[in-house]
2 protein chains.
Amino acid sequence: MAVTIKDVAKKAGVSPSTVSRVLSNHPRISRETTRKVKAIMEEMGYHSNMMARSLVSNKTYTLGMILPRPAEELFQNHFFAENIRGITTQASRNGYDILMTTGHSEQEELAAVTRLVKGKRVDGVILLQSRRNDPIIAFLKNEDFPFILIGHYAQDEDILCVDNDNVQAAYDATQHLIAQGHDRIGFVSGPPNLTVSVDRLDGYRRALADHGLPMQPEWIVEGEFLQESGYRAMSFFMNLPERPTALVVIDDLVTFGILRGLTELGFRVPDDLSLVSFNNISLTELSTPPLSSIDIGIYQLGYMASQLLIRQIQGDKPQQSRTIVPHRLIVRESSLNLHRNGAERK
Amino acid sequence: MAVTIKDVAKKAGVSPSTVSRVLSNHPRISRETTRKVKAIMEEMGYHSNMMARSLVSNKTYTLGMILPRPAEELFQNHFFAENIRGITTQASRNGYDILMTTGHSEQEELAAVTRLVKGKRVDGVILLQSRRNDPIIAFLKNEDFPFILIGHYAQDEDILCVDNDNVQAAYDATQHLIAQGHDRIGFVSGPPNLTVSVDRLDGYRRALADHGLPMQPEWIVEGEFLQESGYRAMSFFMNLPERPTALVVIDDLVTFGILRGLTELGFRVPDDLSLVSFNNISLTELSTPPLSSIDIGIYQLGYMASQLLIRQIQGDKPQQSRTIVPHRLIVRESSLNLHRNGAERK
DNA sequence: TTCGTTTGTTAAAACGTTTGCACAAACGGA
DNA sequence: TCCGTTTGTGCAAACGTTTTAACAAACGAA
């Protein structure tokens with residue numbers, strides 16, 4: 001049916017091996033043969049069969065990726081497109097494709113990875129998130145299969161990963177609010193089993209401590225990466241006898257929930273409550289008021305992950321296992337102390 | 001290295017062919033043999049090598065997908081995650097994976113598809129968008145390779161696709177505004193070479209005609225699927241001596257641009273200008289005011305595309321080539337005539 | 001002239017499956 | 001008892017590559 005290496009060989013009057021070597025730029029092939037074979041490949045419309053090729057070479061030029069399951073999805077959503085774009089851009093630049101799968105339960109996810117790895121469908125795997133005691137990480141590590149994690153794995157710091165310095169990022173956010181004159185700052189966190197929640201909470205605590213501000217345990221609220229969590233956190237805070245005047249929020253989406261609640265109750269941002277959150281998704285600048293947010297370089301996280309994984313596949317072991325993508329605080333109206341610039345708040 | 005069918009065969013005391021048949025549930029294999037072989041596969045941790053398998057069977061159980069290029073990206077962004085989620089969910093339910101590639105130019109995109117198709121890496125292709133005279137469509141059609149388009153291709157109605165009835169959707173949007181008492185309705189369109197722009201403009205025109213409202217050519221503005229386009233359209237409209245009182249807008253993102261501009265200039269929505277747009281991305285309900293939008297079922301578009309493509313691959317030719325995913329107008333504050341309910345506008 | 005080296009090519013095995021064909025054993029009807 | 005059919009299994013070819021080892025030819029130095 002399709003044109004094979006044999007067809008080309010026959011027409012060119014050479015052996016299949018020669019054609020294969022032309023394909024892989026073997027140094028021992030003469031200029032004349034190369035020219036002739038290439039011309040005939042062109043003429044016959046030859047394209048090499050990837051399946052046959054990778055069967056023998058044991059390489060697929062494909063990276064695997066597990067899509068997050070519905071539960072975590074909302075968090076990933078905005079993150080997602082941008083992150084994937086980074087991953088695929090860099091991958092394709094190196095001649096790699098991306099293979100995506102999903103699983104509808106933790107078990108199915110593991111089965112999917114197993115299939116990709118054991119079935120030799122991919123050369124490496126990119127993990128978009130990790131849970132505590134992640135069985136997928138255990139499996140990949142045990143198989144000694146190349147993989148990279150976006151984020152990091154507190155239980156094993158030896159794992160190749162691309163991450164932000166979330167402690168510092170939260171520190172910066174908190175410090176920014178302090179600099180605006182706030183001394184009653186709350187924190188809206190995410191699920192406590194995610195490293196990202198732990199890290200950011202830590203940064204918040206350190207900033208308070210370094211500036212001699214007291215830590216109020218009731219000013220720390222946990223939730224999901226969902227709008228509703230923000231809404232709930234908002235009503236909790238606004239019903240306290242002693243309210244915070246500013247919040248550091250784990251995710252922009254949560255902040256949208258807070259904002260909506262505040263608007264409904266007639267509170268104003270930043271006057272009644274200042275807000276800084278994380279991720280800097282595109283909508284933060286469209287909201288009213290525009291939201292201050294920490295840009296964590298989502299595209300770059302994906303981009304670097306691809307790059308480092310491909311390097312590792314090609315045998316280029318990186319020096320350190322953790323690569324940090326820099327973050328940047330984008331100050332917008334939601335945390336600007338417009339009306340009482342620098343003045344202390346009563 | 002890895003466990004092969006031969007290893008299993010040897011240990012089970014049968015031939016490789018028998019093992020292979022156990023794998024594919026061949027009817028002629030005895031219950032006893034099946035049991036034994038499966039036990040041994042389990043014990044040895046056997047997983048079949050996909051490359052070898054698809055080399056001979058000529059099937060990959062993989063669907064290909066080309067990511068839209070940077071230029072179109074912003075439009076796709078919100079669309080994207082949701083759409084992909086639909087595609088992969090349904091694909092994985094049928095045992096298919098998704099292979100993604102990108103190209104940085106039209107030529108590279110075509111090369112990528114060629115590689116996937118000719119290299120036998122995928123069983124079918126999903127196209128997320130189409131341009132006029134799309135060379136990819138021409139190629140796939142010429143190769144008689146299974147593919148499906150999300151959207152439709154005006155130049156060839158015979159192509160398998162999943163689409164919305166965009167004419168009707170725009171009709172509904174326009175009619176809704178008319179029902180709110182508007183008789184001066186403008187339209188903000190997208191790039192004129194995209195079918196979606198043409199269809200929606202058409203629906204808008206028909207609705208006006210059916211209700212006896214005159215068409216003002218200067219009330220139709222073209223742009224990109226970008227915020228900035230909205231901003232520009234807004235200043236154009238608001239500077240007209242005779243302004244429209246409502247707009248139908250091709251995409252939610254464009255509406256965000258309009259909204260921002262209006263807010264800057266001190267205009268209010270819906271009082272000074274009512275707005276209805278398309279796609280109903282998650283942020284429409286978070287904006288102030290919340291935006292009326294036509295929900296086009298992005299997830300379902302992806303879901304159906306997967307399903308129909310897989311059916312076609314498996315030889316199940318569908319009756320009609322075009323499948324319509326229903327749309328739904330979600331009315332929110334941006335088009336509700338709150339203060340003068342039903343009253344005619346002067 | 002001789003022989004070691006370089007250059008260009010090929011034959012054949014291997015990668016891990018699937019599948020058409022052959023064949024033996026078991027079965028069942030006459 | 002005989003023979004046609006069904007049932008269960010194995011042999012070997014095929015899928016389209018890559019790659020090792022071998023070899024012939026050309027070359028160049030002694």
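Order of the sequence lines fixes the chain letters, A, B, ..., with proteins taken first and strands second; residue numbering starts at 1 for each chain.
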Apply side-chain hydrogen bond (donor to acceptor under 3.5 Å, both in side chains) to B:Thr102 and A:Ser92, showing your working. CA-CA 6 Å; B:Thr102 45; A:Ser92 86; 2.9 Å; yes

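Take B:Lys59 and apply the side-chain hydrogen bond (donor to acceptor under 3.5 Å, both in side chains) test, not counting sequence neighbours, and it matches no residue. With sequence neighbours left out, the side-chain hydrogen bond (donor to acceptor under 3.5 Å, both in side chains) criterion links B:Ser24 to no other residue. In this view, B:Ser321 satisfies the side-chain hydrogen bond (donor to acceptor under 3.5 Å, both in side chains) rule with no residue, not counting sequence neighbours. With sequence neighbours excluded, no residue forms a side-chain hydrogen bond (donor to acceptor under 3.5 Å, both in side chains) with A:Asn94.
Within the structure, every pair that satisfies the side chain to side chain donor-acceptor pair (under 3.5 Å) test and touches residues 297-315 of chain B, not counting sequence neighbours, is listed here: B:Gln90-B:Tyr303, B:Gln90-B:Gln307, B:Arg93-B:Tyr303. Every pair passing side chain to side chain donor-acceptor pair (under 3.5 Å) that includes a residue from residues 36-50 of chain B is listed here, sequence neighbours excluded: B:Lys11-B:Glu43, B:Ser48-B:Arg53. Within the structure, ring pair (Phe, Tyr, Trp, His ring centres under 6.0 Å) pairs that include any residue of residues 81-101 of chain B comprise B:Tyr61-B:Tyr96 (at least two apart or interchain).
As rounded to whole Å, 15 Å separates atom P of C:dT17 from atom OH of B:Tyr61. Computed from coordinates, the B:Asn25 CG to C:dT18 P distance equals 12 Å when rounded to whole Å.
The bend of the helix from C:dT1-D:dA30 to C:dA30-D:dT1, defined by the angle between the axes of its first five and last five pairs, stands at 50° to the nearest 10°.
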When every nucleotide of nucleotides 9-17 of chain D is labelled 5' to 3' by its protein contacts under 4.0 Å (heavy atoms), B for base, S for sugar-phosphate only, - for none, what sequence of letters results? BBBB--BBB

